[in-house]
Amino acid sequence: MTYKDLAELIFPSITKTPEDYENIYPERSLSEGAKVVRFAPSPTGFMHIGNMMSAVINYVLARGSKGIFYVRNEDTDQARTVEGALDFIHHTLKYYDIYPDEYEYNDKQAGNYGPYVQSERMEIYHAFVKHLISIGKAYPCFLTPEELTEIREYQTKSKKRIGIYGKYAKCRDITPEEAIKRIKAGEKFVIRFKSEGDFNKKFVFEDLVQGKIEFPENDLDVPIMKSGDLLPTYHFAHLVDDHLMRTTHVVRGQEWMSSVPLHYELFHAFGYKMPKYIHTSLILKKDEETGAIRKISKRKDPEALMFFYEEKGYPILAVIDAVMTIANSNYEEWRTNHPDTPFYEFPFSPKKMSPSGALFDLDKLDNISKNFISKMKAEDLYHDYLTWAKKYDEHIYDVISKYKDETIAFLNIERETKKPRKDYENYLAIFPKSWYMYDEEWDRELEYEFGKITDKEEIVIVMEEYLNNVYDSNDMQDEWFNKIKVLAEKLGYAGDMKEYRESPDNYKGNVADFTTIMRVVLTTKAMTPNLYDIMNILGKDKMFKRLEILKEKY
RNA sequence: GGCUCGUUGGUGAAAUGGUUAACACAUUGCCCUCUCAAGGCAACAUUCAUGGGUUCAAAUCCCAUACGAGUCACCA
């Protein structure tokens with residue numbers, strides 16, 4: 001009996017060979033330099049910032065080279081699959097408008113290199129495993145979990161390298177006859193790759209981020225197919241899928257670095273060309289309690305999960321810019337020089353990726369986002385704000401729908417100038433800074449933030465005097481302010497700041513104190529955008545209404 | 001413990017053997033000013049984890065040490 005018989009016994013119904021698949025999935029005909037990349041998440045958790053970075057880099061690489069970006073669903077770990085994780089991945093890609101060229105999701109699919117779901121590719125993997133067994137490069141291993149832990153414990157105790165290699169690979173030299181016998185007897189087994197590497201020999205691997213790295217050869221007989229569901233392990237699926245889908249560049253987290261020797265041997269065993277690798281740095285986080293630097297955690301850090309940014313209403317392009325800024329140290333400078341160029345036209349260079357992990361900085365995101373929002377047209381901002389509110393805050397949605405024009409006018413204050421206001425880092429931040437524009441909101445508990453002048457009688461006098469005798473909605477801003485100064489002086493306030501500084505005791509206060517009175521009556525807030533604009537948006541009637549509320553509640 | 005990578009200010013980082021170690025964020029101060037925001041100006045690493053070496057010259061090259069990270073599953 002031969003290895004061929006053994007292979008036949010394990011995979012009786014597999015008739016295709018790796019060569020057949022070679023013809024089914026031919027080399028792609030793309031233009032020179034086109035990159036074929038993939039985003040290959042496993043649906044075992046919700047999409048997080050690290051996934052996002054990987055997806056964005058892939059997208060940029062593909063778009064920038066007129067290549068192909070595809071998504072592959074790596075669902076080989078059925079037990080750990082999380083309900084809804086896949087949906088969220090697709091939702092997020094769509095939300096950020098980085099949807100792939102090729103994919104398979106629900107009943108939709110695109111691309112000729114599918115299936116793009118690993119659990120649907122069983123026959124393909126089995127053909128490759130079968131081939132390996134039939135030439136004696138893979139073998140069934142009958143070691144039980146107990147035996148495996150025993151080996152590991154022994155190795156740990158005696159400070160040996162851990163793993164199945166050399167004399168620990170007990171099933172490696174089992175003859176086909178015996179293997180067939182044991183399989184027929186119903187023994188459980190995994191298929192292990194029969195490594196021919198030598199741990200004492202080195203080879204040089206070139207990573208696009210880290211440069212040349214010297215590794216010892218792999219000599220571990222790693223499982224390539226699991227026993228129960230006969231699904232491949234990650235390593236084997238990586239080989240088969242990325243070869244057959246003709247991937248040119250693999251973008252993956254640095255945690256994969258250490259399995260490079262294995263992948264190197266696997267690709268060489270089939271004589272396939274390895275793709276190029278971009279091992280991205282981890283996103284780290286300083287733990288607030290312990291101060292320790294650690295991998296960003298889905299549990300402890302809400303900002304790790306992509307829900308966070310959507311719920312808070314960060315503009316999608318701001319998030320992408322923030323991610324790109326971490327991903328590539330050149331990006332920030334490029335962005336300031338090309339403020340209006342789409343991010344995917346950025347000439348991404350893996351060499352400019354940081355080889356060490358970066359702390360994710362929410363302050364930086366806020367800054368990027370504030371800048372971004374400040375440059376939006378008020379109508380566009382309103383539109384996005386409304387869309388966000390519709391999903392995340394019904395109350396805000398109702399209010400701003402009702403007061404569309406007022407909202408846009410408010411958002412437009414000191415916008416569209418050379419140096420626009422930078423008030424909001426996300427849509428969630430808008431309402432707390434604008435609620436006072438809406439009549440309905442004045443039912444709430446009010447906290448008047450009066451400053452120097454707190455006397456109710458004085459406040460009422462100032463307001464009545466101003467609203468009845470001074471305010472004119474036709475005034476331009478200069479005139480508006482001049483009139484305020486005149487009234488301020490009439491009522492005992494310094495109209496001129498310098499004068500006031502020289503002899504503050506001669507006055508009740510200065511113009512700033514004076515406008516603060518009006519500002520707080522109209523908004524309850526001591527800090528608001530330009531009062532002139534706020535007054536014009538409110539109009540005289542509402543201003544009187546606010547005064548009445550003050551009389552009652554203050 | 002083995003293998004691999006990393007270590008420049010509070011954060012992200014530039015600099016790839018050669019004057020005062022870019023820039024951005026954050027922080028602080030001043031100016032401007034009807035508040036705020038924005039803006040302008042300024043401050044913020046006598047020093048590039050530590051110790052040795054190479055060199056006329058080192059954050060940059062070499063060695064050692066320390067510390068940190070990743071990985072060592074029939075998980076990806």
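Throughout, protein chains are lettered first and strands after them, A, B, ... in sequence-line order, and every chain is numbered starting at 1. Nothing here was measured: the structure is a model prediction, and the numbers come from that model.
Counting any heavy atom pair closer than 4.0 Å across all strands shown, Ser42(A) reaches sugar-phosphate atoms only and no base atom. Heavy atoms of Ala526(A) sit under 4.0 angstrom from at least one base atom. Using a 4.0 Å heavy-atom distance criterion, Phe199(A) is classed as a sugar-phosphate-only contact. Counting any heavy atom pair closer than 4.0 Å across all strands shown, Lys351(A) reaches no nucleic acid atom. Among the protein residues, Tyr532(A) comes within range of no part of the nucleic acid, since none of its heavy atoms lies under 4.0 Å from any strand.
Applying the salt bridge (Lys or Arg N to Asp or Glu O under 4.0 Å) definition to pairs two or more places apart or across chains, none involves residues 149-159 of chain A.
Donor-acceptor pairing under 3.5 Å, judged by distance alone, is present between the side chain of Asn530(A) and the base of C34(B). Side-chain atoms of Arg519(A) come within donor-acceptor range of the base of C34(B), with a qualifying N/O pair under 3.5 Å.
Checked against salt bridge (charged side-chain N to carboxylate O under 4.0 Å, His left out), Arg121(A) has the following partners two or more places apart in sequence or in another chain: Asp241(A). Looking at residues two or more places apart in sequence or on another chain, you find a ring pair (Phe, Tyr, Trp, His ring centres under 6.0 Å) between Phe205(A) and Tyr277(A). Remark: Trp480(A) pairs with Tyr466(A) by the side-chain hydrogen bond (donor to acceptor under 3.5 Å, both in side chains) rule, at least two apart or across chains. Applying the ring pair (Phe, Tyr, Trp, His ring centres under 6.0 Å) criterion to Phe514(A), with sequence neighbours excluded, gives Tyr493(A). For Asp207(A), the side-chain hydrogen bond (donor to acceptor under 3.5 Å, both in side chains) partners are His279(A), not counting sequence neighbours. Residues forming a side-chain hydrogen bond (donor to acceptor under 3.5 Å, both in side chains) with Tyr264(A) (at least two apart in sequence, or on another chain): none. Remark: Lys160(A) engages no residue in a salt bridge (charged side-chain N to carboxylate O under 4.0 Å, His left out) (not counting sequence neighbours).
A salt bridge does not link Glu206(A) to Lys276(A): none of the charged nitrogens lies less than 4.0 Å from a carboxylate oxygen. Ion pairing of Lys212(A) with Glu214(A) is absent here, as no side-chain N (NZ or NE/NH1/NH2) approaches a carboxylate O to less than 4.0 Å. Between Arg161(A) and Asp219(A) there is a salt bridge, since a side-chain N of the basic residue sits under 4.0 Å from a carboxylate O of the acidic one.
No hydrogens or angles considered: a donor-acceptor pair under 3.5 Å links the side chains of Thr528(A) and Arg519(A). Judged purely by distance below 3.5 Å, without hydrogens or angles, the side chains of Asp321(A) and Tyr331(A) pair a donor atom with an acceptor atom. For the residue pair Asp221(A) / Ser195(A), no side-chain donor-acceptor distance below 3.5 Å is found, with atom types taken as modelled. For Asn536(A) and Tyr471(A), the side-chain atoms include at least one donor-acceptor pair closer than 3.5 Å. Thr407(A) and Tyr385(A) share no donor-acceptor pair across their side chains, judged by distance under 3.5 Å alone. Donor-acceptor pairing under 3.5 Å is recorded for the side chains of Asn530(A) and Asp533(A).
Separation of the C1' atoms belonging to A21(B) and G2(B) is 38 Å when rounded to the nearest angstrom. Spacing between A15(B) and A59(B) at atom P, rounded to whole Å, works out to 16 Å. Straight-line distance between the P atoms of C36(B) and C31(B): roughly 13 Å, to the nearest whole Å. Only the C1' atoms considered, C23(B) is 15 Å distant from C44(B), to the nearest whole Å. Rounded to whole Å, the C1' atom of A69(B) lies 15 Å from the corresponding atom of A49(B). Going from the P atom of A58(B) to that of C48(B) covers 12 Å, rounded to whole Å. A gap of 28 Å separates the P atoms of U55(B) and A66(B), to the nearest Å. Here, G52(B) and U47(B) have their P atoms 15 Å apart, quoted to the whole Å.
Asp207(A) has its CG atom 11 Å from the P atom of G6(B), to the nearest Å. At whole-Å resolution of the value, CD1 in Ile413(A) and P in C34(B) are 17 Å apart. Rounded to a whole Å, the CG atom of Asn73(A) is 13 Å from the P atom of A76(B). The nearest whole Å value for the distance from the CG atom in Asn51(A) to the P atom in A76(B) is 16 Å. Across the protein-nucleic acid pair, Arg80(A) atom CZ and A73(B) atom P stand 14 Å apart, rounded to whole Å. The CD-C1' distance, from Glu217(A) to C3(B), rounds to 14 Å in whole Å. Rounded to whole Å, atom P of G2(B) lies 16 Å from atom CG of Leu220(A). In this structure, Lys364(A) atom NZ and G12(B) atom P are separated by 11 Å, rounded to whole Å.
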Look for any protein N or O under 3.5 Å of an N or O in nucleotides 38-45 of chain B and output each such pair with its distance, or none.
unit_1, atom_1, unit_2, atom_2, d
A38(B), O2', Lys419(A), O, 3.4
G39(B), OP1, Lys422(A), NZ, 3.3

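Residue Ser258(A) places none of its side-chain N or O atoms closer than 4.0 Å to OP1 or OP2 of C72(B).
For Ala512(A), counting side-chain heavy atoms from C-beta on, the closest listed nucleotide (A37(B), U4(B), U35(B)) is U35(B). Closest to the Glu74(A) side chain, of the nucleotides A15(B), C25(B), A76(B), is A76(B). When distances run from any side-chain atom of Thr528(A) to the nucleotides U35(B), C3(B), A76(B), the shortest one goes to U35(B). For Ser227(A), counting side-chain heavy atoms from C-beta on, the closest listed nucleotide (C74(B), U4(B), C34(B)) is C74(B). The listed nucleotides are C36(B), A14(B), A24(B); the one nearest the side chain of Glu332(A) is A24(B). For Lys202(A), the listed nucleotide lying nearest its side chain is U4(B); candidates were U4(B), C72(B), C25(B).
Between Met225(A) and Ser329(A), the residue anchored nearer the 5' end of RNA chain B, judged by the nucleotide with its closest heavy atom, is Ser329(A). Comparing Glu414(A) and Arg161(A), the nucleotide of RNA chain B nearest to each residue sits closer to the 5' end for Arg161(A).
When base pairs are accepted only as Watson-Crick or G-U wobble with both N-N or N-O distances under 3.5 Å, RNA chain B takes part in stems of 3 or more pairs at B:1-7 with B:66-72, B:10-12 with B:23-25, B:27-31 with B:39-43, B:49-53 with B:61-65.
RNA chain B lies under 4.0 Å from at least one heavy atom of each of the following residues of residues 476-486 of chain A: Gln477(A), Trp480(A), Phe481(A). Listed by residue number, Arg152(A) are the residues of residues 145-160 of chain A with a heavy-atom contact under 4.0 Å to RNA chain B.
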